[in-house]
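Beneath this line is the structure, given in structure tokens, with notes to follow.
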Amino acid sequence: MNFIADFHMHSKFSRATARNLDLENLHIAAQLKGITVIGTGDFTHPEWFAEISEKLVPAEAGLFQLKDDIARICDQQVPGACRQKVRFVLTTEISNIYKKDGKTRKNHNLVFVPDLETARKFSATLDKIGNIRSDGRPILGLDARDLLEIVLDTGNQGFLVPAHIWTPWFSLLGSKSGFDSIEACFEDLTPHIFAVETGLSSDPPMNWRVSGLDGLTLISNSDAHSPPKLGREANLFDTELSYFAIRSALKTGDPDSFRGTIEFFPEEGKYHLDGHRKCNVRLWPLDTIKKNGICPVCGKSLTCGVLYRVEELADRPEGTRPPNYHSYHNLVPLVEILAEIFNVGTGTKRVSTNYKALLERYGSEFFILRHLKPDDLLLAGIPLLGEALERVRQNKIEISPGYDGEFGRIKIFKPSERKEMNGQPSLFAAPAADPVKNERLNQKLSKAKRSLPEDRPVLDTIVDRKIGDYGGSEELVKIETAVSGPDPLMSRLNRQQRRAVEHTGGPLMIIAGPGTGKTRTLTHRIAYLISRAHVDPGNTLAVTFTNKAAQEMRRRLHDLLDRSTPLPTAVTFHALCLQILKDINDGEVFTVIDDTDRKELMAKALWQSSRGLPCHSGPANCLIRYHMPNRTYNPPTHFSKTALTGKRLHPPPPFTGRISIYWRFKNSMITKTLFFKSFVGLNPMKASEKNINSNTEPFWWMSTRISILGNIGSSGRFRRPERICLSSVIPIRRFTDLEDRMLNILNVSLRTTPM
């Protein structure tokens with residue numbers, strides 16, 4: 001059986017850990033990550049051991065699982081695509097601080113035991129030696145060699161793994177308080193050490209340079225202090241699911257059973273290079289040697305990192321492989337990839353929302369990172385994600401290495417690449433335009449519909465505890481219990497409205513007169529898709545025509561959705577277009593003008609044209625030359641005086657040309673980064689259309705083909721279609737791409753549901 005295991009983590013009873021670090025949240029986080037076996041951590045702590053004994057039950061030999069009633073509640077927080085079995089193995093980390101050979105030694109060790117009775121005996125022995133109650137990772141003045149002896153005496157199936165062996169301050173081979181070899185630490189009991197943990201700041205090739213580690217299985221674990229950090233590093237197995245099979249695979253190092261490790265990029269670890277964080281000094285080993293290990297700012301000794309320490313102990317050149325070695329895979333956590341793509345922090349709502357959506361659609365994080373093809377990510381609506389995964393898999397990334405407790409920083413894209421590749425037009429790359437993708441969505445919605453009868457009881461939400469949410473911050477774990485009552489999504493809808501809400505086909509058009517409940521139906525439809533079909537609210541956009549309607553929609557969605565569910569975006573079309581313009585123009589601030597300002601600009605354009613002033617080319621001019629034939633116009637006398645000053649201008653004479661007045665007007669808009677409040681106003685003659693010759697079509701009509709139909713009013717007739725023109729400030733190449741994407745949505749077949 002192929003599975004992933006992460007053995008090293010802590011509990012809420014350890015110092016500097018999340019308060020939601022309990023068995024339930026570890027169970028949830030393991031499924032989100034795609035991990036089958038996880039350590040309990042901290043079993044020596046009496047309160048934590050009591051929780052372990054109460055909530056876990058034996059599963060396969062030497063492994064445990066959550067009790068069924070607890071697991072069922074936790075699984076409600078896991079997307080269906082991520083659900084899998086989770087097993088616990090009893091582990092704990094001990095901090096050994098002691099004197100040996102005239103030097104203070106500080107190293108951490110990970111202990112494994114197969115059953116609760118062995119764990120109880122081991123803890124009882126340590127309780128006689130030091131304080132095991134104040135910290136989940138107890139600090140004991142106990143020689144690491146003697147700790148191993150206690151492990152062996154307590155039970156013959158327990159074993160010890162030196163933890164993060166290269167960390168400067170607390171590790172077996174650390175630069176500050178470690179040893180130079182395994183034998184120096186464990187002496188006569190060295191043969192009982194068959195595996196070591198490499199830590200976040202090193203990877204297998206760095207360890208292969210030290211021949212003293214030959215014959216030891218190199219494992220990697222997360223050392224997680226919160227649920228989202230689970231699986232930062234992990235181990236790959238192909239064996240039966242049991243404690244004893246895992247122990248055997250680690251002891252023998254059989255590559256058919258122990259398949260290798262999942263690794264941080266070592267540069268991302270917080271002790272990779274040398275330096276002083278407080279002095280903002282970071283050095284490579286050669287520079288540290290040149291400075292005699294002294295900080296050039298404060299004059300104190302530098303913290304020498306893992307790379308420096310490996311160089312000190314290495315007896316092989318870089319690139320050397322030992323006779324027996326295992327494969328490894330460098331990965332970057334998905335939240336870090338998303339944060340890099342969006343250029344935001346890992347704990348932001350945008351990262352969290354998109355992380356959840358990816359897991360709901362594709363499955364666990366490790367499946368996405370290791371197996372998913374970039375082409376399969378097109379449905380995700382995140383343009384750079386496939387490219388980012390490919391770069392990570394091929395090690396084509398830039399890292400600012402970590403040092404002296406500061407984690408390294410990953411750079412997958414240069415700013416210019418992100419600007420070029422990650423444009424807002426992806427908003428319009430809707431999966432609905434593809435029949436195959438439509439069918440997948442239809443199947444998903446149909447399944448959700450079949451599983452949710454109309455008389456489904458209301459779910460009452462009870463706050464039980466906190467879970468680190470998928471993106472890194474914390475959210476409430478919801479435990480849902482059924483109570484009697486009507487379904488809030490369906491109880492106020494008639495038959496036709498229900499039909500629209502539960503529609504499982506392609507795009508839907510709802511045609512109805514005023515007062516028939518259109519807004520209610522659309523709002524319930526959105527709530528249905530989010531809560532029942534598990535559509536990501538972060539990828540959901542609701543567009544209305546007035547600010548009042550948008551506010552009303554947001555209010556209703558707030559009442560319909562669970563309080564912990566983020567609200568989808570509900571805006572007016574004008575607000576949406578303005579935001580698009582800002583996003584694809586690097587956040588440039590646009591000034592929205594009204595009809596009065598527009599008339600003033602139009603009057604100035606007419607005045608300039610009548611006097612033959614020089615003109616400047618630009619995007620608008622290019623559009624006109626491309627689209628429009630020569631036409632003859634008699635400019636209206638409506639603009640003979642300006643709207644603001646009231647000064648009378650000389651009536652401009654008729655002229656022939658490529659509507660120079662039009663591009664003068666448009667160029668003034670571009671130069672001033674102005675945009676019409678009505679957006680329809682990109683027709684510069686709209687206020688005086690009756691004065692334009694009948695053979696002249698509006699100038700702006702040819703620069704866009706995007707029509708948005710308004711609602712049917714009480715007269716039963718459509719309003720005049722609104723035209724949305726984005727070309728006035730978007731370069732033509734970008735506009736063409738955006739236009740094509742928008743048309744892909746608008747040209748699909750619409751299913752009509754009258755009400």
Side-chain angles (χ1 to χ4, degrees), residues 32-33 79 228-229 232 264-265 268 331-362 364-366 368-369 372 374-393 396-400 407-431 468-475 530 535-541 565-571 575-589 730 734 737-738 741:
L32 300 179
K33 297 287 184 176
K229 299 300 183 183
R232 289 186 294 186
F264 243 33
F265 283 93
E268 198 177 358
L331 295 178
V332 176
L334 186 55
V335 293
E336 293 185 20
I337 293 176
L338 292 173
E340 163 71 9
I341 290 173
F342 299 135
N343 200 25
V344 297
T346 56
T348 59
K349 181 180 179 181
R350 188 174 185 185
V351 168
S352 174
T353 299
N354 282 276
Y355 183 89
K356 294 176 184 180
L358 289 171
L359 266 58
E360 288 170 351
R361 181 182 289 275
Y362 298 109
S364 69
E365 178 175 343
F366 277 138
I368 293 172
L369 293 177
L372 201 61
D375 289 346
D376 295 334
L377 288 165
L378 294 177
L379 287 173
I382 305 175
L384 294 181
L385 185 55
E387 176 66 19
L389 283 181
E390 280 296 287
R391 293 191 183 191
V392 170
R393 292 169 182 173
K396 295 181 178 179
I397 61 175
E398 295 181 3
I399 308 177
S400 178
F407 280 107
R409 297 181 180 181
I410 294 285
K411 286 293 180 185
I412 303 175
F413 300 104
K414 297 178 181 178
S416 58
E417 290 178 315
R418 187 185 294 109
K419 178 180 178 180
E420 179 70 19
M421 301 168 64
N422 190 24
Q424 189 69 16
S426 63
L427 171 69
F428 298 101
D469 84 40
Y470 309 161
S473 57
E474 291 186 341
E475 67 178 11
I530 293 173
V535 172
D536 179 17
N539 290 339
T540 304
L541 173 66
T565 302
L567 290 180
T569 301
V571 294
L576 172 64
C577 290
L578 188 60
Q579 185 59 49
I580 292 173
L581 290 171
K582 291 179 180 178
D583 290 346
I584 63 181
N585 286 275
D586 298 325
E588 185 176 356
V589 177
I730 304 174
R734 296 286 295 278
D737 180 62
L738 173 60
R741 290 174 182 268

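Index from 1, following the sequence.
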Could you tell me if the side chain of [Y] sits less than 4.5 Å from the side chain of [X], heavy atoms only?
{"X": "Pro228", "Y": "Val335", "value": "no"}
{"X": "Asn354", "Y": "Leu385", "value": "no"}
{"X": "Val392", "Y": "Phe265", "value": "yes"}

Under the side-chain contact (heavy atoms from CB on, under 4.5 Å) rule, collect the residues that match up with Glu268, sequence neighbours excluded.
Phe264, Glu336, Ile410

Please check if the side chain of [X] supplies one atom and the backbone of [Y] the other of a donor-acceptor pair under 3.5 Å.
{"X": "Lys33", "Y": "Lys229", "result": "no"}
{"X": "Arg393", "Y": "Leu369", "result": "yes"}
{"X": "Glu365", "Y": "Leu359", "result": "no"}

Quick one: [atom1] on [X] to [atom2] on [Y], what's the gap to the nearest 0.5 Å?
{"X": "Lys411", "Y": "Arg391", "atom1": "NZ", "atom2": "CZ", "result": "13.0 Å"}
{"X": "Thr346", "Y": "Leu334", "atom1": "OG1", "atom2": "CG", "result": "11.5 Å"}
{"X": "Glu390", "Y": "Leu384", "atom1": "CD", "atom2": "CG", "result": "13.5 Å"}
{"X": "Asn343", "Y": "Thr348", "atom1": "CG", "atom2": "OG1", "result": "10.5 Å"}

Nearest atoms (heavy-atom pairs only) where [X] meets [Y]:
{"X": "Tyr355", "Y": "Leu32", "answer": "OH-O, 4.4 Å"}
{"X": "Ala388", "Y": "Ile412", "answer": "CA-CG2, 4.0 Å"}
{"X": "Pro566", "Y": "Thr353", "answer": "CG-OG1, 4.3 Å"}
{"X": "Tyr362", "Y": "Leu377", "answer": "OH-CA, 3.4 Å"}

